[in-house]
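Everything on this sheet refers to the single structure shown next.
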Amino acid sequence: MSVVVVGSANVDLVYTVASIPAPGETVIATGGSRHPGGKGANQAIAAARAGAATTFVALLGDDDGGALLRDSLRGAGVVDATRITAGETGTALITVDARAENTIVVNSGANALFTSLTDDQAQLIRDAELLVLQLEIPLETVRASAAVARAAGTRVLLNAAPVRPLPSEVLALVDVLIVNETEAAQLAGDDATDLFSRAQALTRSVPSVIITLGSAGSILLHRGDAELTRVEAHEVEAVDTTGAGDTFCGALASALDEGLDLASAARFATAASALSVQRAGAVPSIPHRKEIDSFVSSL
Ligand code: RIB
């Protein structure tokens, strides 16, 4: 039983601001910090902290950002299957305002050069129970990873973030698609105008879909279901939602790896992300299993 995450790694440069600047506006930050991040790294750390034996496959630069990420992955108990290339590790410039809203601009760096898997990395996918993917690395690597997984019977979870048009042959390799409302609307197309019709449109391409709805929880739908299953969110005081979606995906993968069904895994993942939004930063906010369990038992 194990999870492998193939994806991006970034150094997050986070500025807290009273309000996010409008185009043309300059604002003075109330604070700044630098953390490990990137959707792939966040999801790997979330899966590991939630209890799964987790391996991370990515491409890092040969700079101090790469070293920061490697330290952080190892510190979280993630098996490090990253490679290093000459140049810069990815970075993300993040603003977080007083209402816990954020903006994120990613400078891909080494992530953009991650265009192929080594034989060893492909074998890690074959050996895993679950593969977790996002869209911050070249699509050819997403497609190749999913194809290796499908051929080996490894279950594929795709978090389609940041969203982009996805060829049908990529979606055909996915078992569970996880998207937020904006991503769902973009992938489902203009004919689908409400949550159910969007989820239903997506299940024409993938067997199961989860649409996360922020403070409104999430919904899930399996192909052929007549109605949505709703997972309620928990009322908490959010200070920073950066990485909450990644925490959800990693914790979901961990729970599925333990054998939970999709709805139970989504409930566990919802608890994990409720904890993460109460703390600042992506990686620093990701909860450990003990905290998730004690939060769940306090509900
Ligand atoms: O989902 C949050 C992440 O998006 C940040 O850690 C940032 O690096 C970007 O990848």
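In listed order, ligands and their atoms are each counted from 1.
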Practice item. Looking only at protein heavy atoms, identify the closest one to atom 2 (C) of ligand 1 and say how far it is in Å. Key: Asp246 OD2, 3.3 Å
Exercise for review: Give a yes or no on whether a salt bridge exists between Arg279 and Glu291, defined as a side-chain N under 4.0 angstrom from a carboxylate O.
Suggested key: yes
Practice item. Return the residue, atom name and 0.1 Å-rounded distance of the protein heavy atom closest to atom 3 (C) of ligand 1. Key: Asn42 ND2, 3.6 Å
Review point. Under 4.0 Å from any heavy atom of Ala92, which atoms of ligand 1 are there?
Key: 7 (C), 8 (O)
Point to revise | Taking every non-hydrogen atom, the tightest pair across Gln43 and Asn159 | key: NE2-OD1, 2.9 Å
Study note, to complete from the structure: For Leu133 and Val142, the nearest pair of non-hydrogen atoms, with its separation, is CD1-O, 3.8 Å
Exercise for review: Output the distance between atom CZ (Arg126) and atom CG (Leu131), rounded to the nearest 0.5 Å.
Suggested key: 12.0 Å
Practice item. Before accepting this row, confirm whether a basic side-chain N of the pair Arg34/Asp64 lies closer than 4.0 Å to the acidic partner's carboxylate O. Key: yes
Point to revise | Nitrogen or oxygen atoms of Val106 and ligand 1 under 3.5 Å apart | key: no
Practice item. Report the nearest protein non-hydrogen atom to atom 8 (O) of ligand 1: residue, atom name, distance rounded to 0.1 Å. Key: Asp12 OD1, 2.6 Å
Study note, to complete from the structure: Between Ser19 and Asp97 the two heavy atoms that sit nearest each other are CA-CB, 4.0 Å
Exercise for review: Can you pull out the closest protein heavy atom to atom 9 (C) of ligand 1? Residue, atom name and distance to 0.1 Å, please.
Suggested key: Glu136 OE2, 3.4 Å
Check your understanding: Going by the atom numbers of ligand 1, which of them fall below 4.0 Å from some non-hydrogen atom of Ala282?
Key -> 6 (O)
Check your understanding: Is Arg150 salt-bridged to Asp175, going by a charged N under 4.0 Å from an acidic O?
Key -> yes
Exercise for review: Could you tell me if any non-hydrogen atom of Ser8 lies under 4.0 Å from any atom of ligand 1?
Suggested key: no
Review point. For atom 4 (O) of ligand 1, what is the nearest protein heavy atom, given as residue, atom name and distance?
Key: Lys39 NZ, 3.1 Å
